[in-house]
Amino acid sequence: MEGKAILNQLSPYQQGKQIKDIEKEYGLDRIVKLASNENPYGYSAHVREYFLKNISEFNIYPDGYTAELRKAVADKINVNENQLLFGSGSEEIVQMICRAFLYSGTNTIMATPTFPQYKHNALIEGADVVEIPTVNGYHDLENIYKSIDHNTKVVWLCSPNNPSGLVIPKEDFKDFMDKCPENVLVVLDEAYYEYIDDSKDIHALTLLSDYSNLIVLRTFSKAYGLAGLRIGYGIANNNLITKLDVVRGPFNTTSLAQKAALIALDDTEFIEDTKANNFAVKKSVQQFLDTIGWKYYETQANFLLVSTPVSGTEVFQFLVENGFIVRPGELLGSPNTIRFTLGKAEDMNLMQDKLAQLHQQIIKGN
Ligand SMILES: *Cc1c(COP(=O)(O)O)cnc(C)c1O
């Protein structure tokens, strides 16, 4: 059996170790998972209440058009219903974009480090991937622009960028869009949009009417806390959405996910609380890092990328033995860092005690 040749060079997604296995391996009774930027406060209580009382008709196919949720999202973000495309997570929209626009002989441009799924899916479609190193965690828009050639089909911008958490300043983004050729699709991945505290930096949506080659990605997986249900969406002009809709599977989002997202969307209080809690925890963790002198990026998301005085892998190992799962930067293309989700205050305090202990060990070792 011969698949596409590229399949021999790529590996399936390496899922982190399961919590149960780590608990057993290190004899821990509790593990705090801070590796995937899930919402530590859960999800809207209204969603839970609804599903405790109502069981969906699982024998019936979902509404492939996602009509109810479509209307609610369109109203909420003030776009036309025909400007939306739903996916099984925004990750599926990434797949659809690659499937629709990339093939052998084309190329696609992205930052490095950034969200790894852009590259993975682009390579599967046979495209060449051009990676432009970030500068101090920011996208190097100048060099991204200079790398565009006749074969460039898609440019990926991630804001806040994963893993740095830094937002592309609105003016820089607009300048980029002004220069970028109209036949190059620009994907602006805003998976952490709800966490952005600097409101002057946002509002790509207002630019959608000016640029027919822009698609913005959003998700219910992060601030809304519905990662396990898999639902996200893309926003663009209707021509683009219609093209992408051709490659979408007819029933790609489940009825359960659609309903949960619909209810979650309405619970603005939950999102506001999540954002406020996240901000408070961020400030307190940053204060702690200042005291031990570890540098970090000025994140506007629910995770923090921290420079470590030893390899990220060593810090990861120390933390995992103490019950905290973080991401070593070596796995993210950002050596000598760790990235961790900003968890609940009490868990962050416990982790800080451990980091302070490690910091002392490192100082003594030198
Ligand atoms: C988590 C994440 C996504 C994917 O989220 P879905 O669960 O597929 O909606 C997309 N982009 C970035 C940058 C992410 O961090």
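Note that the coordinates shown come from a computational prediction; the quantities given were computed from them, not determined experimentally. Ligands are counted one by one from 1 in listed order, and the atoms in each one are counted from 1 as well.
- Interface of Gly89 with ligand 1, defined as ligand atoms under 4.0 Å from a residue heavy atom, comprises 6 (P), 8 (O), 9 (O).
- With Tyr65 as the aromatic partner, Arg70 meets the cation-pi criteria of under 6.0 angstrom to the ring centre and within 45 degrees of the ring axis.
- At least one heavy atom of Tyr192 sits closer than 4.0 Å to an atom of ligand 1.
- A cation-pi arrangement, defined by a distance under 6.0 Å to the six-membered ring centre and an angle within 45 degrees of its axis, is absent between Lys153 and Phe101.
- In terms of polar-atom proximity, defined here as any N/O pair under 3.5 Å, Tyr118 makes no such contact with ligand 1.
- Below 30°, between 30° and 60°, or above 60°: for His359 and Trp294 the angle between ring planes is above 60°, a perpendicular geometry.
- For atom 7 (O) of ligand 1, the closest non-hydrogen atom on the protein side is Ser221 OG, 2.6 Å.
- In the candidate list Leu217, Asp189, Leu229, Asp189 is nearest to atom 10 (C) of ligand 1, counting heavy atoms.
- Annotation: atom 2 (C) of ligand 1 to nearest protein heavy atom, Lys222 NZ, 2.4 Å.
- Ligand 1 lies within reach of Arg230, whose nearest heavy atom is under 4.0 Å from it.
- Here the protein heavy atom with the shortest distance to atom 9 (O) of ligand 1 is Thr219 OG1, 2.5 Å.
- The shell of residues lying under 4.0 angstrom from ligand 1, judged by heavy atoms, includes Cys158.
- Heavy atoms from both the backbone and the side chain of Ser90 come within less than 4.0 Å of ligand 1.
- Contact check on Arg99 versus Glu125 returns no salt bridge, with no Lys/Arg side-chain nitrogen under 4.0 Å from an Asp/Glu carboxylate oxygen.
- For Tyr192 and Phe303, the gap between ring centers is short of 6.0 Å.
- For ligand 1, the atoms closer than 4.0 angstrom to any heavy atom of Asn162 are 13 (C), 15 (O).
- Nearest heavy atom pair, residue Asn37 against residue Arg339, reads ND2-CZ, 3.8 Å.
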